[in-house]
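Heavy atoms only: backbone and side chains are in, while hydrogens, waters and symmetry mates are out.
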Amino acid sequence: MKAYEWMVKPTPQTEWIDGRGILFWIAFFFIELGAATFLVSSLFGNLFGEFIGWLMCAVLGGGFHLVYLGHPFRFYRMILRPQTSWISRGLLFVTGFLTLGFIHMALSLWAASNVVLLVVTNVLAFLAIIYGGFAMSYIRGIPLWNSALLPVLYTVAGLWGGAELSAVVELQRGGPGNAMLEDLIKILLAAFIIIFPTYLITARYGLAAGRTSVSEIVKGKWWPLFWVGVILFGIVLPIGVIITSLVLGISGIPVTLLYFSVVFELIGDLILRYLILKAGYYNPLVPMPGA
């Protein structure tokens with residue numbers, strides 16, 4: 001982009017995806033995936049899955065988030081404005097979830113965890129899942145992000161990934177699998193297939209910068225990542241595995257194929273979040289024709 005085109009044409013944001021912004025992208029992904037894995041695992045009594053989710057959120061999500069801040073020992077300042085900032089709320093949600101989640105897991109190992117404690121922990125885990133989407137959706141200058149569907153899309157994608165990881169942990173430990181968990185995965189996949197194109201369509205027919213964002217994702221310079229990473233890896237291959245499971249039964253599918261399906265879904269989710277961040281264009285200050 002030429003200097004004289006800045007904020008005259010749709011201008012890409014760079015703070016949250018270029019340079020150190022890559023850490024922000026990865027941190028959001030692992031915080032939501034870890035919290036979702038904990039939440040789903042707890043619903044099905046999978047304590048080891050809870051631990052994997054908690055560890056993912058704390059070490060990977062929290063670690064990348066602290067490195068992104070640049071001054072990790074000053075992060076406490078970011079939680080001082082929960083009344084106005086979704087970042088502050090998010091840090092409170094994640095900190096509360098990690099603290100209560102650790103207490104719950106410790107009690108489950110050495111005594112008996114309280115049901116009320118688990119319910120509060122799962123509420124905080126759910127809030128940790130949704131906060132990233134809400135934090136982005138409140139940025140009005142970027143139409144692709146300023147959408148009520150973005151938190152819903154991120155929540156469904158996070159829960160879908162969390163449910164699949166929970167199923168993998170259960171299978172890895174020699175469990176027979178859980179029919180209700182398999183049904184939940186199918187429901188979340190169906191919800192994602194409905195919400196994702198709806199989100200893109202609403203952005204496409206909104207402001208000029210939104211049209212530019214969707215165009216760049218679907219047929220512009222990011223189209224290989226979209227069609228191969230998101231559509232093929234993230235949607236088509238998992239659908240193929242689910243159809244195969246309906247025909248052969250879950251026991252008739254090689255476990256390795258199930259693992260690959262989960263890996264591809266997570267890759268698709270990660271790429272989708274990258275594209276949404278990378279294709280976030282500010283609406284120009286000078287109104288464009290048709291904007």
Side-chain angles (χ1 to χ4, degrees), residues 29-58 60-61 97 100-101 104-105 108-109 112-113 115 117-130 152-196 233-270 272:
F29 174 74
F30 281 113
I31 285 174
E32 294 176 20
L33 180 62
T37 302
F38 180 99
L39 191 156
V40 175
S41 296
S42 71
L43 295 178
F44 294 93
N46 186 345
L47 184 60
F48 189 66
E50 293 176 24
F51 175 70
I52 294 297
W54 185 92
L55 202 64
M56 193 181 302
C57 184
L60 295 177
F97 156 63
L100 296 184
H104 157 72
M105 291 187 295
S108 298
L109 285 174
S113 180
V115 175
L117 173 63
L118 180 57
V119 169
V120 175
T121 302
N122 278 338
V123 169
L124 289 171
F126 182 75
L127 293 173
I129 296 168
I130 69 173
V152 179
L153 177 66
Y154 275 15
T155 300
V156 170
L159 288 173
W160 179 23
E164 293 208 314
L165 277 182
S166 181
V168 165
V169 170
E170 189 167 319
L171 289 173
Q172 185 65 33
R173 301 192 72 198
N178 188 303
M180 291 182 63
L181 181 54
E182 293 165 15
D183 290 340
L184 176 62
I185 291 172
K186 295 171 187 175
I187 292 170
L188 290 169
L189 171 57
F192 182 83
I193 292 172
I194 295 171
I195 294 169
F196 178 46
F233 283 3
I235 298 178
V236 174
L237 291 178
I239 288 177
V241 172
I242 287 177
I243 292 175
T244 305
S245 71
L246 293 175
V247 175
L248 301 178
I250 192 68
S251 59
I253 301 178
V255 176
T256 303
L257 181 59
L258 293 175
Y259 291 166
F260 273 117
S261 173
V262 174
V263 170
F264 287 145
E265 186 276 321
L266 294 179
I267 290 174
D269 186 9
L270 188 60
L272 170 63

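- Heavy-atom minimum distance, Ser42 versus Asn122: OG-ND2, 2.9 Å.
- For the atom pair CG (Asn46) and CG (Leu181), the distance works out to 8.5 Å, reported to the nearest 0.5 Å.
- With sequence neighbours excluded, the residues forming a side-chain contact (heavy atoms from CB on, under 4.5 Å) with Val236 are Ile231, Leu232, listed by chain and number.
- Closest of all the heavy-atom pairs between Ala35 and Cys57 is N-CB, 4.2 Å.
- Counting only residues at least two apart or on different chains, no side-chain hydrogen bond (donor to acceptor under 3.5 Å, both in side chains) pair has a member in residues 185-196.
- For Ser261, there are no side-chain hydrogen bond (donor to acceptor under 3.5 Å, both in side chains) partners at least two apart in sequence or on another chain.
- Not counting sequence neighbours, the partners of Phe233 by the ring-ring contact (aromatic ring centres under 6.0 Å, His included) test are Phe264.
- Applying the side-chain hydrogen bond (donor to acceptor under 3.5 Å, both in side chains) rule to Ser41 yields the partners Ser166; only residues at least two apart in sequence or on another chain are considered.
- You'll find the side chain of Ile235 reaches within 4.5 Å of the side chain of Phe196, heavy atoms only.
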Show your reasoning for whether ring pair (Phe, Tyr, Trp, His ring centres under 6.0 Å) applies to Trp160 and Phe192. CA-CA 8 Å; Trp160 179 23; Phe192 182 83; 5.4 Å; yes
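- Taking all atoms of both residues into account, the shortest heavy-atom contact from Ile31 to Gly61 is CG1-CA, 3.6 Å.
- Rounding to the nearest 0.5 Å places CG of Leu165 at 13.0 Å from CD of Glu170.
- Residues satisfying the side-chain contact (heavy atoms from CB on, under 4.5 Å) test with Leu117, not counting sequence neighbours, are Leu100, Ile103, His104, Leu107, Ser113, Asn114, Thr121.
- No side-chain heavy atom of Leu237 sits under 4.5 Å from any side-chain heavy atom of Phe260.
- The side-chain contact (heavy atoms from CB on, under 4.5 Å) test applied to Ile52 returns Phe48, Met56, Val169, not counting sequence neighbours.
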With side-chain contact (heavy atoms from CB on, under 4.5 Å) as the test, would you mind laying out the steps for Leu266 and Leu270 before giving the verdict? CA-CA 6 Å; Leu266 294 179; Leu270 188 60; over 6 Å; no
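- Using a 4.5 Å heavy-atom cutoff, the side chains of Phe97 and Phe38 are in contact.
- Taking the side-chain hydrogen bond (donor to acceptor under 3.5 Å, both in side chains) definition, one finds that Thr37 meets it with nothing, sequence neighbours left out.
- No side-chain heavy atom of Leu258 sits under 4.5 Å from any side-chain heavy atom of Val168.
- Qualifying side-chain contact (heavy atoms from CB on, under 4.5 Å) partners for Thr155, counting only residues two or more places apart in sequence or in other chains: Phe126, Ile129, Ile130, Leu159.
- A 4.5 Å side-chain heavy-atom check between Leu184 and Leu43 finds every atom pair outside the cut-off.
- Rounding to the nearest 0.5 angstrom, the gap separating the CG atom in Leu124 from the CG atom in Leu39 is 10.5 Å.
- Counting heavy atoms from C-beta on, the side chains of Leu189 and Ile193 come closer than 4.5 Å.
- Residue pairs meeting the salt bridge (charged side-chain N to carboxylate O under 4.0 Å, His left out) criterion with at least one member in residues 29-55, sequence neighbours excluded, are Glu32-Arg273.
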